[in-house]
> 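Structure in structure tokens, see below.
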Amino acid sequence: MPELPEVETVRRGLHELIIGRVVKKVVHDTPKSFPNAAADVEQFLIGATITDVRRRAKVLLIDLSTDYTLVIHLKMTGQLVFRAKDVAFGAGHPNDSLIGELPDRSTRVTFDFADGSHLYFNDQRKFGWVKLLPTLEVPNIDFMQRVGPEPLEADFTPEQFRERFKRKAKSPIKAALLDQTVIAGVGNIYADESLWGAKIHPLRKVGVLTDKDFDRLYYELRDVMNLSIEKGGSTDRNYVNAEGKKGSYIDFARVFRREGKPCPRCGTIIVKFKAAGRGTHICPNCQKLM
DNA sequence: CACTTGACCTGTCCGC
DNA sequence: TGCGGACAGGTCAAGT
């Protein structure tokens with residue numbers, strides 16, 4: 001589900017909503033979603049104040065006053081939804097919300113704050129997780145050691161972008177884009193959208209792409225992700241922001257989930273096929289393999 | 001080492 | 001209506 005723009009949208013929402021709140025109680029169901037030792041939870045999470053909400057790649061980092069951090073990956077269907085004290089749901093709730101009363105059957109972890117508000121970690125497919133780690137150890141975990149640069153950072157250049165792909169010469173470009181060790185945060189939606197923008201076929205080998213191809217891809221990827229953040233991310237199925245509301249980028253998508261519809265650039269019918277193990281959408285006229 | 005495939009889970013949708 | 005199979009936005013371990 002959530003790629004960089006969705007996780008960033010959640011981060012911004014939580015940054016507004018939970019900093020300064022004090023964790024009072026935590027309950028969880030499967031240890032797969034919350035594999036933390038009870039003693040650590042008691043010592044470093046209960047009673048802690050939230051001091052910051054950060055993001056690296058698709059990972060959320062909620063910093064605590066105990067110098068511990070909640071490291072959270074939403075994977076495909078994870079949601080982090082804040083609810084103020086005594087908010088009634090049901091009749092009259094906004095129709096841009098996907099979820100009602102919480103907790104529900106997908107709730108894996110519930111954080112109760114001292115002021116009566118709550119944070120719910122929902123995850124239908126149980127791929128996601130919440131791990132409590134010392135803040136100083138977060139950069140040392142395997143994922144953080146291997147993950148590539150943030151593509152939206154101001155100092156990330158087209159030259160650096162191109163350089164990151166050098167060792168993937170024999171990969172199809174889509175597989176390389178999805179590889180988190182090359183560039184951070186790209187998932188299936190923005191891979192398809194940026195490749196369409198750059199007029200590159202997803203199965204073109206990285207090694208045959210020109211500098212100009214990479215330049216176009218760099219700008220398209222950044223444009224598409226920035227636009228999505230502006231629109232609050234993409235809600236295809238499950239994604240919601242920190243207030244439980246949908247994002248609207250999908251309304252602006254040019255190829256993703258638009259199979260059978262005309263290409264906005266040339267009118268050719270968009271087709272869907274499998275590439276890099278994932279559903280892939282292209283305009284067969286704009287994105288030629290050879 | 002680099003690349004591809006299957007597994008992890010639950011829910012939904014589509015065809016028979 | 002019921003049932004089986006395919007598919008879903010991510011990542012890792014195992015395979016080639």
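Quick note on labels: first sequence line is chain A, next is B, and so on, each numbered from 1. All values reported here derive from a predicted model rather than from experimental measurement. Side chains included, hydrogens not; waters and symmetry mates left out as well; all remaining heavy atoms used.
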> So what does A:K205 hit on the nucleic acid, given a heavy-atom distance under 4.0 Å: a base, only sugar-phosphate, or nothing?
nothing
> Describe the nucleic acid contact of A:G128 in one word from base, sugar-phosphate, nothing, applying a heavy-atom distance below 4.0 Å.
nothing
> On DNA chain C, nearest-nucleotide positions of A:R146 versus A:F256: which is more 5'?
A:F256
> Whole Å only: how far is the CZ atom of A:R257 from the P atom of B:dT12?
14 Å
> Could you give the CG-to-C1' distance, from A:N122 to B:dG11, as a whole number of Å?
14 Å
> Across the strands shown, which category fits A:G187 at heavy-atom distances under 4.0 angstrom: base, sugar-phosphate, nothing?
sugar-phosphate
> Among B:dT4, B:dG11, B:dC3, which is the nearest nucleotide to the side chain of A:K170?
B:dC3
> Does A:N188 reach a base, just sugar-phosphate, or nothing at all? Heavy atoms under 4.0 Å.
sugar-phosphate
> What is the distance, rounded to the nearest whole Å, between atom CG of A:L178 and atom C1' of B:dT5?
15 Å
> Which sits closer to the 5' end of DNA chain B, A:A175 or A:F127, going by the nucleotide each is nearest to?
A:A175
> Going by the angle between their ring planes, with limits at 30° and 60°, are A:F143 and A:H73 parallel, tilted or perpendicular?
perpendicular
> Rounding to an integer number of angstrom, what distance separates B:dC9 and C:dA14 when you compare their P atoms?
15 Å
> Phosphate oxygens OP1/OP2 of C:dA8: is one of them under 4.0 Å from a side-chain N or O of A:K272?
yes
> C:dG10, B:dA2, C:dC12: which one has an atom nearest the side-chain heavy atoms of A:H73?
C:dG10
> How many Å lie between CG on A:N238 and P on B:dC13, as a whole number?
12 Å
> Report the distance from atom CD of A:E6 to atom C1' of C:dG10, rounded to the nearest whole Å.
12 Å
> Identify whether any heavy atom of A:R108 sits under 4.0 Å from a base atom; if not, whether one sits that close to sugar-phosphate; answer base, sugar-phosphate or nothing.
nothing
> Nearest to the side chain of A:R105, heavy atoms from C-beta on, is which of B:dG11, B:dA2, C:dA8?
B:dG11
> With the side chain of A:K58 defined as its heavy atoms from C-beta on, choose the nearest nucleotide among B:dG11, C:dG10, C:dC12.
C:dG10
> Rounded off to whole Å, could you give me the CG-to-P distance for the A:D179 and C:dC12 pair?
10 Å
> Identify which nucleotide among B:dA2, C:dG10, B:dC9 has an atom closest to any side-chain atom of A:K75, counting heavy atoms from C-beta outward.
C:dG10
> Which nucleotide, in any strand shown, forms a Watson-Crick or G-U wobble pair with C:dT16, with both distances under 3.5 Å?
B:dA2
> Looking at the base of C:dA8, is there any donor atom on it, or on the side chain of A:R125, that sits under 3.5 Å from an acceptor on the other one?
yes
> Quick one: do A:R21 and A:D115 make a salt bridge, cutoff under 4.0 Å?
yes
> With a cut-off of less than 4.0 Å, is there a side-chain N or O of A:K168 near OP1 or OP2 of B:dC3?
yes
> Could you tell me the separation between the CG atom of A:L74 and the P atom of B:dT10, rounded to a whole number of Å?
18 Å
> Measuring to OP1 and OP2 of B:dC9, would you say a side-chain N or O of A:Q124 lies under 4.0 angstrom away?
no
> In the structure I gave you, are the side-chain heavy atoms of A:I72 and A:W129 within less than 4.5 Å of one another anywhere?
no
> Go through C:dG10, C:dC12, B:dT4 for me and flag the one nearest to the A:R278 side chain.
C:dG10
> On the 0 to 90° scale, with breaks at 30° and 60°, tag the A:F161-A:F214 ring pair as parallel, tilted or perpendicular.
perpendicular
> Would you please say whether a donor-acceptor pair under 3.5 Å links the side chains of A:D123 and A:T77?
yes
> One thing to verify: whether A:E16 and A:R12 come together as a salt bridge, which I'm taking to mean a side-chain N less than 4.0 angstrom from a carboxylate O.
no
> Can you figure out which of C:dG10, B:dC3, C:dA8 approaches the side chain of A:E3 most closely?
C:dG10
> Taking atom C1' of C:dA8 as reference, at what distance in whole Å does atom NZ of A:K126 sit?
17 Å
> Give a yes-or-no answer on whether the side chains of A:Y190 and A:E6 include a donor-acceptor pair shorter than 3.5 Å.
yes
> Heavy atoms from C-beta onward define the side chain here; which of B:dT4, C:dG10, C:dC7 lies closest to that of A:K274?
C:dC7
> Applying a 4.0 Å non-hydrogen cut-off, can you work out what A:S106 is touching in the nucleic acid: base, sugar-phosphate, or nothing?
nothing
> Which part of the nucleic acid does A:F143 contact within heavy-atom distance under 4.0 Å: base, sugar-phosphate only, or nothing?
sugar-phosphate
